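A quick write-up on the structure given underneath.
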Amino acid sequence: MTMETLLEEAKRLPRMSRERSVALNRSELESRKTELSATPRLVTLGTHNSCNAKCVFCLEGQYPRFDLPLYKSFFEGKMGHFIKQAEKVTFTGFGEVLWVPDAVPFLDYVNETIPETWKIFTTNGTPLRPEVIGRLLKSKYVIQVSLHASNAKLHEELTLLPGAFPQIVDSVGTLCRLRRERDLGDRLHLVLVDVVTNKNIDDLPDLIQLAWDLKVPEVQCNYVTMFNADHFEMSPYFQQKRANAAIDAAQRKLDEIKASADPDEFRYFGVRLPQRFGQSREGARPQGFCAEPWEHIYVEGQGPVLPCCYWGAHVGDLEKGDDLDAVWNGDFYRRMREAISSGNPHPWCGTCWKYRGQSVDSLLSHITNRPDQQKRILKELEARGLCDASKYWPEVEAAERFMPRG
């Protein structure tokens, strides 16, 4: 049978249960299968909306606005079985999805239709009003709050949101308090997400202290990605000694907290600091592994399909008639799994911080993977004397050769 025949046959068979699909996906990842029987356990949906913040490091874009009818007609209509069989579904994108007019009815709907699925929302924290918080307490949620500063002045400088910091901190504190009081640790998780730039990197220790004081269970700190020339001066890549010193200070703060904290309480406090610069061997290729091609798929609200949030080009498009099952086991995904398994990943994977190893020392890990933008940025950096662009062209060209044609 051809792949097309197999997929058509699979569509006529009853879908496996969510629990079985998740377990099978894990098993197929462990065995490094190239063609998978299970749908991905991790699904990300590009659910865009307007935003009340104007973060200085953010790349703005024009996208269809998300709402409940779009969720039902497009996401459920074209990939409903992927959503229903997933362990976790992430709602993210440009803007604030929890500020859509029907945010509360939408939360009621997903609480009813996928109650045991982890629903992950990324937010700047301003939509966390009482009626939203009430819905988050009724089902399984991960709330990722983008909080890039420990004080109101720096927060406003980075987000251009005047006066929002106290309300955000109060809302986060309320969610954390209710989580503890109602013993919801296995159903409600909060993460503070910090985009680390030269403007806020020295604030890392104070941000960790704030997270501990609020009893936030997790903090994730990632270097800013350069999307255009305005971002050059923000990137710690060009101030590596300062970045390492700030990371060391943050680690000392974490050690201080641990020394004075109750061990059982500290055990549930997870902090991921940025990788330090200069730890990879000279000329060595990062050695590692990434599970995304086996367990994750990302679908934008306007149709494009990507293997992860850091990928630079579309590998399918549901609005143009592509079938998601066919994309999931198509030529691109199979080749990507083979490449990761063999230790010769796609160049974009090799310079991604999620590909385990010290890829942070590569300039390409700090630049968008969108091909045309990436080339423009490299040329502009070279024109400013910040890099030798010719050093990176082989990897850029190799990435383009890997991409699907047509």
Side-chain angles (χ1 to χ4, degrees), residues 42-80 82-84 86 88-114 117-136 139 141-147 159-162 164 167-168 171 193 195 225 227-228 297-306 308-322 324 368 370 373:
L42 308 177
V43 171
T44 298
L45 308 179
T47 51
H48 308 292
N49 188 36
S50 57
C51 191
N52 54 339
K54 298 293 180 184
C55 296
V56 296
F57 43 74
C58 188
L59 180 68
E60 291 188 283
Q62 298 296 321
Y63 296 94
R65 300 306 185 196
F66 178 77
D67 56 18
L68 180 54
L70 177 64
Y71 178 74
K72 291 180 177 180
S73 63
F74 177 77
F75 289 114
E76 284 190 327
K78 293 184 180 293
M79 54 178 294
F82 274 62
I83 294 172
K84 285 186 169 61
K88 300 177 181 179
V89 176
T90 299
F91 301 85
T92 189
F94 291 99
E96 278 293 333
V97 63
L98 291 177
W99 274 125
V100 297
D102 54 3
V104 170
F106 169 68
L107 292 174
D108 287 337
Y109 183 77
V110 293
N111 282 354
E112 178 183 351
T113 56
I114 47 173
T117 300
W118 281 101
K119 295 164 282 293
I120 304 173
F121 284 86
T122 302
T123 173
N124 63 30
T126 59
L128 297 178
R129 52 209 186 275
E131 59 269 31
V132 168
I133 289 176
R135 269 67 181 183
L136 302 181
S139 188
Y141 283 94
V142 177
I143 303 302
Q144 299 181 151
V145 180
S146 297
L147 190 66
T159 65
L160 305 185
L161 271 174
Q167 178 259 310
I168 294 170
S171 296
V193 178
V195 175
T225 297
F227 289 100
N228 55 52
I297 201 162
Y298 177 20
V299 179
E300 292 277 9
Q302 67 274 31
V305 181
L306 302 96
C308 75
C309 299
Y310 301 96
W311 197 257
H314 305 155
V315 299
D317 195 318
L318 302 192
E319 281 291 10
K320 293 182 179 179
D322 288 342
L324 198 55
T368 177
R370 298 179 181 188
Q373 260 179 302

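The structure displayed is predicted, hence computed values, not measured ones. Atoms considered below: every heavy atom in the structure, side chains included; atoms not considered: hydrogens, waters and symmetry mates.
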What's the separation between atom [atom1] in [X] and atom [atom2] in [Y], rounded to the nearest 0.5 Å?
X	Y	atom1	atom2	value
I133	I143	CD1	CD1	9.5 Å
C58	L160	SG	CG	11.0 Å
I297	T44	CD1	OG1	10.0 Å
F82	L45	CZ	CG	11.5 Å
L306	H314	CG	NE2	5.5 Å
T368	N228	OG1	CG	10.0 Å

Quick check: closest heavy atoms across [X] and [Y], and the distance to 0.1 Å?
X	Y	answer
V97	F66	CG2-CD2, 3.4 Å
E300	G46	OE1-CA, 3.7 Å
Q167	G125	NE2-O, 3.5 Å
V305	D317	CG2-N, 4.2 Å
K72	Y109	CE-CE1, 3.5 Å
E319	Q302	CG-O, 3.2 Å

Within the side chain of [X], is there an N or O that forms a donor-acceptor pair under 3.5 Å with the backbone of [Y]?
X	Y	answer
D102	L68	yes
H48	G93	no
K119	I114	yes

- prompt: Can you check side chain to side chain contact (heavy atoms under 4.5 Å, CB included) on V110 and V89, steps first, answer last?
  reply: CA-CA 10 Å; V110 293; V89 176; over 6 Å; no
Can you check whether [X] reaches [Y] side chain to side chain, under 4.5 Å on heavy atoms?
X	Y	answer
S146	T122	yes
I120	Q144	yes
T117	I83	no
F121	V132	no

- request: Please confirm whether F91 and F75 have ring centers closer than 6.0 angstrom.
  value: no
message: My understanding is that only one of T47, L107, N124, N49 makes a side-chain contact (heavy atoms from CB on, under 4.5 Å) with L98; could you say which?
response: L107
- prompt: Strictly by modelled atom types, are N52 and T126 linked by a side-chain donor-acceptor pair under 3.5 Å?
  reply: yes
query: Should we count CD of E131 as having more than 12 external heavy atoms under 6.0 Å?
result: yes
field: Candidate pair V299 and M79, rule side chain to side chain contact (heavy atoms under 4.5 Å, CB included), full reasoning
entry: CA-CA 9 Å; V299 179; M79 54 178 294; 3.7 Å; yes
field: L42 vs W118, side chain to side chain contact (heavy atoms under 4.5 Å, CB included): CA-CA, chis, key distance, verdict
entry: CA-CA 10 Å; L42 308 177; W118 281 101; over 6 Å; no
